[in-house]
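Okay, so here's the structure we're looking at.
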Amino acid sequence: MTTPSPAHDLLTVTGLSVKLRTASGPATVVDDVSLAVAPGRILGIAGESGSGKTMTGMTLVGLPPAGATVTGSIRLDGRELTTLSEPGWAAVRGGQIAMVFQDPSSSLHPMLTMGRQLTDHMRRHLGLSRKAATTRSAELLDLVRLPDPKGALRLYPHQFSGGMRQRVAIAVALAAEPRVLIADEPTTALDVTVQAGIINLLDELRHDTGMSILLVTHDLGVISALADEIAVFYGGRIVESGTAAQVLGGARHPYTRGLLEALPRLSTETRRDGRGFVPIPGVPPTPGSLPAGCAFHPRCAHAAPACQESRPELLPLAEPPAWHRLACHVDPWRP
Amino acid sequence: MTVVGHRKDQASALAPAWWRRPFPRYVRRRLGSSALILLGVTLVAFLLTTVVPANPETANLGQRALSDPETVRRFREHYGLDRPLPLQYLTYLGNLLRGDFGQSQQTLRPVSQDLLQFAPATLELVLSATLVALLVGVLCGVAAARRRGGWFDRITRLASLTGVSLPIFWIALVASVVFFRGLRLLPGSGRLDPALVKPPQVTGFLTVDSLLAGDWHAFGSAVSHLVLPSAVLAVSVVGMVLRFTRTAVLEALGTDFVKAARAKGLRERDVLWGYAVRFAFGPLVTATTLSFGFLLAATVYVEQQFSWGGIGQYAYRSSTNLDLSAVMGVSIVIALIFVLINLAADLLYALFDPRIRLR
Amino acid sequence: DQQPAAAPGGDTLVVDTAFNAKSLDPARMFQPTDFYAESALYDTLLKFKGNDLKAPVPNLAESYEVSDDATAYTFRLREDAVFSDGSPVTAADVVFSYNRLKNVKASPAFLMDGLTVTAQDDHTVVIKAERAVPELPSLLTAPNFGVVNADQVKAQGATDAEGADKSDTAERYLNTASAGSGPYVLEGYSNTSQIALTANPKYWGTKPAWQRVVIRNVTAPQQQLLNVEGGESQIALDLSGRQAQGVDRSAFTVTSDQAPEVLYLAASRAKTSATADPEVLAAIRAGIDYQGLLQVAGPGTVQAAGLVPQTFVGALAPTEAPKYDPELAKELVARSGVTAPKITLDYASDYHRLAGLDYATIAQRIQSDLKKIGIEVTLNPAPTATSLQRYVDGQTELALWSYPPDFTDPANLVAFGPGGFLAKRVHWSEKDAPEAAKLTESALAAKGDARAAAYQAWQRVLNDGGPFLPLLVPTTVTLSSARVTDVARNPITGIDLGAVGKKQS
Amino acid sequence: MTISPAAPLLQVRDAVVEYTRTDRPAVRALAGVSFQVAEGEMVGVVGESGCGKSTLARAMTGLAPLASGEILFAGRPVEPLRRRRRPARLLPLQMIFQDPYASLNPRRRISAQLADVIRATGKGAPGHRPIGDLLERVGLPAAAADRYPHEFSGGQRQRIAIARALATQPSLIVADEPVSALDASAQAQVATLLRKIAREDGVTLVLISHDLAVVGALCDRVVVMYLGEIVEDGPTERVWHAPRHPYTQSLLRAVPVPDGTGRKPMALAGEVPDPGRPPSGCRFHPRCPLAMDPCREEAPSHGDVDGGGSVACWAVHSPEARANAIRA
Amino acid sequence: MTRTLTDTDAAVARRPRLPIRGRAAEFVAVAVLLAWLVVIVAAPLLAPHDPLAQDAAPLSGPSAQYWFGTDAAGRDVFSRVLYGARLSVPLGLVLVAATAVVGTVVGLLAGFFGGWVDEVLMRVADVVFAFPVIILAMAVAASLGPSLTNAVLASVLVWWPAYARTVRSVVLGLRESEFVLANRLAGVGSVRSMFVDLLPSVAGPVLVLGMLDVGAAILLLSGLSFLGLGARPPEPEWGAQVSESLQYFDQWWLAVFPGLAIVTVVLAFNIIGDALRDRLDPKLRQAGEHA
Ligand SMILES: Nc1ncnc2c1ncn2[C@@H]1O[C@H](COP(=O)(O)OP(=O)(O)OP(=O)(O)O)[C@@H](O)[C@H]1O
Ligand SMILES: Nc1ncnc2c1ncn2[C@@H]1O[C@H](COP(=O)(O)OP(=O)(O)OP(=O)(O)O)[C@@H](O)[C@H]1O
Ligand SMILES: [Mg+2]
Ligand SMILES: [Mg+2]
């Protein structure tokens with residue numbers, strides 16, 4: 001695995017913050033996030049519910065919630081996106097950066113045919129004729145392994161199973177040949193058997209099209225299967241990042257460790273002595289009322305006094321490979 | 001497959017294939033329940049006319065004739081008022097099936113003929129009011145939803161609430177005084193300039209009939225007569241259409257598929273009209289049905305004020321005069337229109353929302 | 001003929017009225033609006049000229065002779081009169097029409113009670129009566145005596161034979177086409193929206209000034225006013241005096257005529273009703289503030305002195321009208337056998353026909369007046385049908401009504417006499433008032449100049465303790481636009497449409 | 001509760017549950033399911049979405065009436081819940097639902113909801129616990145009783161639901177996807193709590209989940225369902241390490257492992273068929289890598305396998321078929 | 001805050017508060033309603049004249065003595081408008097309350113018992129819903145006599161299906177909802193669960209529907225009075241006053257003031273109902289009406 005240099009990166013996010021006005025005052029739901037994805041690679045974003053994963057994804061397609069303040073920089077192939085006007089964004093969205101949503105049933109319009117939903121933006125972005133767009137739609141559906149792609153164009157979303165719907169949603173996202181795909185929990189609503197198919201599909205797609213994928217999920221298994229690099233979110237910040245092997249194989253942040261420990265383990269021994277599932281105590285924080293210092297410290301078994309005082313920076317770990325990064329004052333698993 | 005399932009399949013095997021497809025099945029089911037409702041309505045109408053203690057002859061014989069028992073007896077016999085109730089009902093139902101609603105003691109014509117004359121007048125009025133309300137309501141509703149909480153949203157909210165808060169009989173009066181008497185802008189009664197000859201009745205809608213007859217003069221007159229009463233009617237329902245549209249569009253704007261459509265890079269206009277408003281179709285059909293039902297009742301006031309000569313006036317007149325056949329006929333026709341509109345709404349709903357068809 | 005007859009407002013006379021219409025069959029109709037149209041479609045033997053009700057003038061009949069005992073009349077028909085199809089009007093047509101009226105046995109059949117009609121020759125008709133009928137010339141002006149073209153209607157199922165009530169089927173035809181000799185022919189009839197007439201091209205008299213007449217149903221009087229003001233119509237028939245007050249007299253003509261009917265209170269003599277007590281009845285008579293009532297009723301209305309309206313022969317002089325005397329009324333109530341009398345007053349809530357008079361207002365006024373003398377009145381408004389039924393069935397205690405005359409003669413009103421069909425509604429029989437009953441008889445029998453005195457005597461007895469309390473005679477107001485001239489209004493037949501003139505602008 | 005140790009606590013015999021749908025063939029959500037749960041056991045039920053897991057749970061507690069077959073609790077039939085009050089003898093048979101947001105009345109305080117159940121069970125019953133105790137038992141402060149459901153997180157609500165089940169002093173709890181709607185850490189918390197209750201209070205647990213890992217980490221025995229039928233049943237270790245049914249094998253291979261190695265899970269071909277029109281023969285055959293002629297024609301019956309449990313598969317139970325399969 | 005088991009019975013679900021913060025229209029609406037409430041309570045003190053006394057010159061315009069002029073019978077229009085509130089507002093509320101009670105009971109029965117009970121009740125509701133109100137009101141007025149009470153009765157007869165359907169759909173949803181099932185599994189009786197779990201859930205939707213309907217109810221009753229099927233003279237009902245004014249339209253004050261009275265009251269109720277709907281459930285109305 002090579003260390004990507006910034007020059008190679010297709011999408012670079014630096015110091016991205018999203019501030020919302022909520023009923024209980026302003027809340028920073030994404031805080032100083034920096035990411036980079038190279039062409040053909042998959043960056044996994046992991047973290048519990050509410051940690052700001054979706055918000056990050058939506059901001060990257062220029063669709064933060066109304067009234068949000070976005071700071072920082074988003075660069076696509078060197079071009080700054082945060083300064084774009086709405087029409088400018090509309091050209092980037094779908095055409096350059098596309099998004100797949102978590103729930104395939106709700107992200108497709110129930111009253112429009114698949115054909116219509118596949119072609120309308122394709123015609124806009126690629127300037128295709130209706131006929132050409134239809135042909136291409138069928139090809140796309142074939143690409144995502146939908147049986148009878150031509151017939152499927154005339155069908156409505158409810159006529160498909162969940163897994164097929166997610167394939168269609170992916171096809172919709174791919175329709176205008178985007179260079180970056182943001183997949184927000186693309187398999188969470190699906191069965192494992194179906195999920196396996198989608199995982200393989202995404203993997204093939206990035207190889208075949210050279211597309212970069214930002215894979216947002218709380219399922220570490222899915223991340224492990226797909227991601228080249230991983231960023232772990234907690235309370236809107238990245239607490240640890242690195243290659244999949246580094247983060248999952250040699251996790252250094254107590255939170256990352258906690259997540260891994262909390263996973264159910266298939267083993268008789270752990271079940272007998274009750275170690276199968278080690279929960280992280282406490283509940284995730286809500287944005288707007290994050291604890292001072294390290295946001296994780298109230299739930300952390302290794303918390304030191306310093307953790308309550310200052311927020312740890314996300315810093316590269318001293319030893320190579322240099323881009324395994326960690327935000328922890330204590331770093332209890334330092335080798 | 002169970003035995004029951006088999007039998008059913010065999011029975012329906014005789015029907016053509018399309019008839020067994022989900023949509024026609026749905027239509028059939030809805031038709032059946034509509035017929036049941038109408039049967040219920042005939043029964044209620046019939047029962048009502050029998051509980052009313054006053055005698056129809058009072059309204060229909062002169063003061064002197066009323067005091068002559070022989071005249072009264074002849075009258076009752078002629079209208080079958082002397083037979084036992086269940087028999088009267090069965091006879092009535094039988095006649096209904098043949099399209100015979102009996103004879104109106106008021107107009108001395110077959111009730112069916114009266115209804116054919118008056119119902120189109122009312123339908124023309126109610127339909128044009130509905131159209132106006134839909135046009136204004138949808139446009140303003142979408143605009144209000146787009147800028148939720150903005151000044152336009154707030155103004156239309158207040159305006160639509162005001163619209164539903166105005167007593168129709170009162171605004172009809174006010175409108176007629178202001179636009180007819182005061183400003184002399186619009187005609188204030190009837191459906192056509194009385195000096196003009198009515199175009200031959202085809203649809204019963206004067207606007208349509210005059211066009212069919214190529215009579216521009218009559219068309220202009222019919223339209224100008226339509227403006228005031230239908231505007232008055234529209235005022236009371238435009239708010240409902242607007243609010244339904246606004247709510248539905250707002251709901252749609254919050255859904256994942258609108259987010260997804262935006263994320264596809266569609267223009268905001270396309271997202272709004274192609275995705276969000278499209279989703280509002282169901283609520284819009286509901287709003288239209290509701291307002292149509294409401295207007296059907298409200299025409300009683302408006303027709304009175306504008307001497308419209310429709311089914312509303314007929315209903316009022318025949319019920320105050322205890323013209324029993326007419327009362328029954330008019331109830332059934334109003335219910336029929338109501339049921340048909342609801343049926344049409346459900347079918348439209350099913351046609352436009354593919355999820356419903358297979359239910 | 002689908003083209004408009006003329007540009008709007010050109011040759012069409014539009015008359016607005018609140019419809020009370022049923023049928024244009026002369027043998028069956030009895031509603032005011034039908035009378036208006038009927039008199040333009042069918043000629044009668046005699047008619048009243050304009051609004052002068054004192055003596056009928058010739059119409060289809062050139063002249064008539066009457067026997068001394070007033071039981072036999074001989075009418076001489078004019079020879080130039082023709083029906084709208086061009087055929088001449090003959091005595092046979094008259095006999096057919098009158099016999100049909102009798103035998104169809106519809107509401108107006110009573111008009112023929114005791115009369116036999118025969119044709120002496122082609123143009124002479126003889127009418128014989130069982131009793132003296134001094135009122136016959138007036139009677140014959142009623143539109144029900146309109147002469148129909150016998151051949152034309154026989155072809156449409158009409159018959160004048162016995163049993164016509166079953167066998168006559170011409171009514172439907174007569175509601176789509178007319179078969180008369182009047183200045184207009186029927187173009188279209190709807191008894192709920194409009195009646196359209198076109199000038200009869202074969203009319204034997206002076207051709208009407210207006211080519212077309214549309215009588216429209218405009219229920220709200222105020223709307224009628226708006227329509228005339230706005231030029232949509234030329235004549236409004238149902239305004240009250242008050243409504244006509246604001247009209248610009250330079251641009252419109254307002255004419256007033258006293259109504260041919262009297263608004264009265266009918267007090268029940270049933271034992272259960274407080275009104276059966278003569279003192280209570282007298283107290284009500286004295287306790288009504290007639291002047292206040294006039295004020296409420298609006299300009300033009302006058303107090304009724306008796307049951308016969310001023311326009312008829314035999315009306316009482318205004319000075320004989322009951323007087324308002326609240327002190328006396330209170331005393332009467334105190335003296336009466338009823339303590340704190342409670343009375344229900346019935347009236348028809350939807351009855352505005354009488355000269356725009358609002359029964360509700362009048363009833364409320366009476367309620368308020370009677371309260372002051374210690375009688376508590378509960379109002380019971382109901383739609384005409386219900387209210388009238390209660391009255392007919394004798395269930396009302398106090399009821400507010402008027403009696404629309406069938407013809408303009410006091411003989412039409414004897415039903416108010418004890419035992420008459422109106423008196424029965426308040427349980428008043430001959431036994432209760434033998435003196436009044438006798439006077440009724442003699443009034444009916446009186447002839448010539450004696451009639452007036454006889455009817456006056458009759459009314460004086462009725463006013464003195466009878467159960468009917470005459471209240472008001474309202475004014476009917478006719479509003480017409482400046483384009484219209486010669487608008488004379490007969491209380492029964494309405495505007496003589498054939499005589500209405502047009503001002504050329 | 002005294003039952004003979006020999007008799008299983010819950011017996012499901014050939015249970016069939018059908019849902020009728022207008023205009024379409026009825027769904028046989030359970031197409032003849034038989035299994036037993038012994039006292040003190042922790043049994044897991046796994047399978048894909050729509051295979052009838054929830055239906056089984058509902059049938060076991062009497063919420064879904066059986067079309068045929070029977071279900072016995074403590075030796076007596078579980079009557080379907082109709083409008084009558086549930087008989088006292090069934091109260092020890094409780095259920096926990098998937099959606100922690102729907103399983104509590106949002107308009108009532110926790111205390112009121114628990115009190116209802118306590119009253120229904122009988123306040124004076126031996127071993128009955130006051131509300132505070134119940135809440136503390138599930139790891140919540142007693143003061144939580146005064147609050148409304150919306151003031152709690154999903155995991156906390158699920159604990160309250162467990163507390164409500166505990167109020168009836170249950171001997172068997174059927175938990176239908178109790179942790180599926182929860183976050184990883186909350187999942188672990190609730191799962192741990194369930195196991196603690198089962199171990200410490202001696203409550204028998206039937207845990208339904210589509211997540212194999214959860215079942216594997218908690219249960220002694222696993223039941224694998226496919227399209228309304230049980231295809232494999234056995235001790236967790238055996239099923240995990242030596243799955244015999246091709247479906248179980250595929251299921252296990254489809255689970256991604258978070259080890260950072262990038263190993264891809266294996267997909268199972270095809271879609272779950274419409275349960276209203278199940279395939280002939282073995283219901284799994286259209287998707288089965290080992291499918292052969294007998295599979296298409298006749299449904300296999302359950303047969304015991306080495307290492308415990310049973311499997312319904314032609315490839316396992318007919319040697320010649322197996323040989324054919326291998327040859328092919 | 002500690003609670004013992006014994007007082008859990010008294011633990012009544014907390015109603016959502018009526019939030020009126022930050023919205024001028026709602027403030028004004030509440031103020032208007034409060035003003036009308038004062039009028040209703042204190043009409044005899046506020047009205048300068050007896051609303052029934054016919055002391056004045058008929059049809060005189062607004063003046064210092066008669067602020068809103070006098071009517072055809074010589075009564076003070078201002079006093080009549082004030083007294084009119086005593087009829088319209090309470091009766092509108094009574095109508096809605098009665099309708100809601102009838103509809104809720106029917107809906108509960110239909111939803112709870114299901115089967116043929118449900119089928120019959122809902123078919124009856126369909127028929128009633130399709131039947132024209134005016135004709136029913138006419139029939140009631142004709143058979144029982146026109147009066148406001150009878151107008152209310154007739155209106156209840158045709159209006160309850162709206163509530164019955166809403167309640168039924170809520171009940172159907174709830175009957176299968178997990179918290180009801182869980183309680184029933186834990187031995188809570190179905191009647192108790194109906195009252196404890198269903199009623200509060202039904203109360204919200206019914207309350208919203210009711211608030212939205214008060215305005216419509218006032219309009220309906222005044223409309224029936226306008227047609228002569230409601231208030232009985234000399235009752236100073238607003239609709240009846242407008243109807244009396246039809247005879248005289250140069251006397252604009254006769255129609256304008258009672259009309260404005262109706263509009264202010266109804267608008268105020270509608271604004272508040274609308275706000276309540278927004279807060280409680282934006283989609284409720286549609287769900288209830290498209291059953
Ligand atoms: N429109 C919004 N207004 C206010 N707060 C919001 C909005 N959308 C999201 N949030 C809050 O922002 C935080 C981050 O949300 P986000 O959806 O990004 O989380 P997530 O990591 O995707 O969680 P999940 O796994 O549940 O999808 C959450 O606490 C959420 O409550
Ligand atoms: N009320 C119902 N009416 C009709 N069909 C139903 C009903 N409930 C379930 N089904 C059908 O029965 C089958 C089994 O459903 P069930 O809910 O038991 O599956 P499940 O295994 O619990 O699925 P999931 O993992 O999605 O919860 C499915 O095909 C489902 O569509
Ligand atoms: Mg998310
Ligand atoms: Mg389930």
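Chain identifiers are assigned alphabetically (A, B, ...) following the order of the sequence lines, protein sequences preceding nucleic acid strands; residue numbering begins at 1 within each chain.
In terms of non-hydrogen atom pairs under 4.5 Å with chain A, the most contact-rich of D/Gln156, D/Lys196, D/Arg263 is D/Arg263. Heavy-atom pairs under 4.5 Å with chain D peak, among A/Pro284, A/Gly197, A/Ser49, at A/Ser49. For chain D, the option among A/Gln195, A/Met164, A/His218, A/Arg145 with the highest count of heavy-atom pairs below 4.5 Å is A/Met164.
Between the D/Gln189 side chain and the A/Gly282 main chain, a donor and an acceptor come within less than 3.5 Å of each other.
Taking each heavy atom of D/Lys264 and A/Ala225 in turn, the nearest pair found is NZ-O, 2.7 Å. Residues A/Gly221 and D/Pro258 approach most closely at N-CB, 3.8 Å, considering heavy atoms. Closest approach of D/Ala184 to A/Ala262, counting heavy atoms only: O-CB, 4.2 Å.
Within the 4.5 angstrom heavy-atom criterion, atoms from both the backbone and the side chain of A/Ile280 approach chain D. The part of A/Arg299 that comes within reach of chain D is its side chain, from C-beta onward, which places non-hydrogen atoms under 4.5 angstrom from that chain. Looking at A/Pro281, the atoms closer than 4.5 Å to chain D (heavy atoms on both sides) all sit in the backbone: N, CA, C or O. Neither the backbone nor the side chain of A/Ile230 comes within less than 4.5 Å of any heavy atom in chain D.
For the pair A/Val192 and D/Pro265, the minimum side-chain heavy-atom distance is 4.5 Å or more. For the pair D/Leu251/A/Thr193, a side-chain contact is recorded, criterion being any heavy-atom separation below 4.5 Å from C-beta on.
Interatomic distance, D/Met266 CE to A/Asn200 CG, rounded to the nearest 0.5 Å: 9.0 Å. Atom CG of D/Asp259 and atom CG of A/Leu260 lie 10.0 Å apart (nearest 0.5 Å). Going from atom NE2 of D/His210 over to atom CG of A/Asp191 covers 7.0 Å, rounded to the nearest 0.5 Å.
Counting heavy-atom neighbours within 6.0 Å of D/Asp306 CG, excluding the residue itself, gives a total of 12 or less.
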